[in-house]
J.: 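Quick one: the structure is below, and I'll ask about it shortly.
Small disclaimer: the values here were computed from a predicted structure and weren't measured.
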Protein chains: 2
Amino acid sequence: MGVACPEGPRDARNDDEDGESGVSHATQEAASATGRFERAGIDKFEARRAELADAALATLGELGLARTSLREIAQKTDFSHGVLHYYFRDKVELITYCVRRYKEHCVTRYDAIVAESPDAATLSERFADALVATLLDDTAMHRLWYDLRTQAMFDGALLPTVVDLDRQLEDMIWRVVSQHAELAASDVALSRAGVYAVFDGLFEGSLQRHLAGDTAATGRLRTDAVVLLTRLMAEPSS
Amino acid sequence: MGVACPEGPRDARNDDEDGESGVSHATQEAASATGRFERAGIDKFEARRAELADAALATLGELGLARTSLREIAQKTDFSHGVLHYYFRDKVELITYCVRRYKEHCVTRYDAIVAESPDAATLSERFADALVATLLDDTAMHRLWYDLRTQAMFDGALLPTVVDLDRQLEDMIWRVVSQHAELAASDVALSRAGVYAVFDGLFEGSLQRHLAGDTAATGRLRTDAVVLLTRLMAEPSS
DNA sequence: GCAGGGTCTTGACAGTTGTCAAGAGATTCC
DNA sequence: GGAATCTCTTGACAACTGTCAAGACCCTGC
């Protein structure tokens with residue numbers, strides 16, 4: 001008995017976009033729009049999704065995208081591997097959901113520093129310290145992000161999510177650098193994309209060397225970040 | 001008939017290192033040291049290795065490490081998939097051989113510019129142009145390199161090759177930047193690793209946006225590279 | 001021209017993967 | 001308490017992977 005499974009809450013996910021967009025952050029909206037679930041049901045559904053996504057993030061950060069299978073993710077939970085296809089349409093939706101979930105925890109990481117630093121020198125020092133701190137604390141998550149971003153160069157299905165998140169990270173860095181410029185009464189010498197790219201390169205390089213056993217990597221990151229931030233300031237083009 | 005296959009030229013590869021080093025560029029030395037093959041035989045063997053490696057590079061650049069199978073590589077050649085295990089011990093040896101082969105074509109890419117630029121401004125312009133040129137010409141190879149480097153953060157088997165090649169790329173960039181500093185009678189404000197990291201970040205970011213369809217990416221790369229190179233010069237700390 | 005060894009093909013193996021259908025439990029609501 | 005629905009498990013599927021053994025082809029040297 002009970003053949004309700006194949007058309008269970010599966011249509012709570014975004015069936016509205018059958019096309020090529022692939023981006024699927026419309027889950028909650030779609031579900032509440034149908035009106036099929038009362039509040040408690042949706043919350044429970046979303047809570048389990050989040051729980052599974054956290055297990056997936058742990059596995060992905062540990063093994064990388066290529067080596068992470070759905071069965072291995074499920075093994076990190078109390079459920080069997082089949083449950084993942086009940087809460088996520090396929091692997092791509094699971095991964096994009098994971099990354100978007102992770103994003104929210106880090107895209108405002110430096111905003112407090114930006115808001116509270118009284119002068120340019122303080123801002124640059126605190127920013128550099130924060131860079132080092134997150135490299136050490138969230139090593140696996142950063143590694144996963146770089147994996148995902150690189151994979152998007154080959155797999156178009158990941159591209160929309162990566163482009164979106166990359167833009168938010170660019171904004172995050174730009175807030176730091178433009179505020180530094182304001183405090184220093186200067187302009188920024190590089191393009192917005194360029195500013196993000198150089199700090200991202202500095203961070204990625206430090207992460208890689210840190211993971212490869214270079215114990216001096218974080219120290220270099222700190223000093224280089226301060227120097228770079230200062231160097232990117234130009235006299236205002238009056 | 002002919003059971004010579006299992007112990008064919010397989011021992012021409014480096015069986016001397018059974019340990020954990022994993023790096024295997026001692027092929028020619030090992031083969032010639034045994035004295036089992038006359039010159040023509042070795043050359044033929046090496047030529048086929050190179051041929052297969054080129055097909056592998058094409059496939060890897062197109063699909064990425066995760067999606068490239070040995071059968072798909074062989075499909076790009078006139079041979080069947082079994083031949084790859086005749087010329088390479090396993091997938092890791094094939095990949096490292098490929099990357100080391102590719103490396104030699106690009107690690108001296110800017111040396112002529114360094115040697116022949118009469119002043120700092122010329123050097124920076126030519127360097128930026130060369131960056132754009134190789135991004136456009138060797139897109140797939142660069143994408144493959146970033147894939148490999150990212151994968152090395154998860155898979156230790158790739159680490160030695162990546163670390164070695166990364167150091168050579170760092171040297172390559174350092175030659176440009178230190179020469180620029182000399183021509184400008186300045187010092188470099190960043191660490192050697194930092195200098196490489198920021199230019200690498202600039203390049204990687206431009207590559208990603210270029211692949212994502214951003215037609216302005218290469219233009220920004222050019223101007224940003226010139227500005228960055230200039231900004232990294234510090235007054236000599238007399 | 002024949003033996004021998006280098007070269008390559010074929011076919012299979014064991015393992016893994018994403019996916020999904022069938023159904024069993026559990027929960028909720030009347 | 002029973003029916004409907006949500007939740008989750010089980011087991012299977014087809015496809016794919018790296019690997020390798022068996023043998024066929026080919027080419028050279030005697």
J.: So which nucleotide from dT17(D), dG11(C), dT10(D) ends up closest to the side chain of H81(B)?
T.: dG11(C)
J.: Count the heavy atoms belonging to other residues, nucleotides or ligands that lie under 6.0 Å from CD of Q75(A), then report whether that count exceeds 12.
T.: no
J.: Using atom CG of L65(B) as one end and atom P of dT17(D) as the other, report the distance to the nearest whole Å.
T.: 14 Å
J.: Ignoring backbone atoms, establish whether S69(A) has a side-chain N or O less than 4.0 Å from OP1 or OP2 of dT17(C).
T.: yes
J.: In whole Å, I'd like the distance from the OH atom of Y86(A) to the C1' atom of dA26(C).
T.: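 It works out to 12 Å between those atoms.
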J.: For the ring pair F79(A) and Y87(A), is the centre-to-centre distance below 6.0 Å?
T.: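 Not close enough - the centres of the two rings lie 6.0 Å or further apart.
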J.: Rounding to a whole Å, what distance do you find between F45(B):CZ and dG5(C):C1'?
T.: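 Those two atoms, CZ and C1', are 14 Å apart.
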J.: When the distance from NZ of K44(B) to P of dG6(C) is rounded to whole Å, what number comes out?
T.: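 Value for this atom pair: 11 Å.
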J.: Can you find a donor-acceptor N/O pair under 3.5 angstrom joining the side chain of R71(B) to the base of dT19(D)?
T.: yes
J.: Send over the distance from F88(B) CZ to dT19(D) P, rounded to a whole Å.
T.: 13 Å
J.: Side-chain N or O of H85(A) less than 4.0 angstrom from OP1 or OP2 on dT19(C)?
T.: yes
J.: Examine the side chains of S206(B) and R220(B) and answer whether a donor and an acceptor come within less than 3.5 Å of each other.
T.: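 Absent: no donor and acceptor within the cut-off.
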J.: Does T77(A) reach a base, just sugar-phosphate, or nothing at all? Heavy atoms under 4.0 Å.
T.: nothing
J.: Given that G82(A) and R67(A) both sit by DNA chain C, which one's nearest nucleotide is further toward the 5' end?
T.: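 Closer to the 5' end of DNA chain C: R67(A).
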J.: Side chain of F79(B) only, please: which of dT9(C), dT17(C), dT19(C) is the nearest?
T.: dT9(C)
J.: Tell me: CG of D78(A) to P of dT7(D), nearest whole Å?
T.: 17 Å
J.: D138(B) and Y102(B): side-chain donor and acceptor closer than 3.5 Å?
T.: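 Side-chain D/A pair, D138(B) to Y102(B): absent.
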J.: Take the protein atom CG of L70(B) and the nucleotide atom P of dA15(D), then report the distance between them rounded to whole Å.
T.: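 Value for this atom pair: 20 Å.
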J.: Looking at S191(B) and G194(B), would you say the former's side chain and the latter's main chain have a donor-acceptor pair under 3.5 Å?
T.: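 Looks like yes, one N/O pair under 3.5 Å.
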J.: Nearest whole angstrom, please: distance from the P of dC20(C) to the CG of L84(A).
T.: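 Rounded to the whole Å, the gap is 13 Å.
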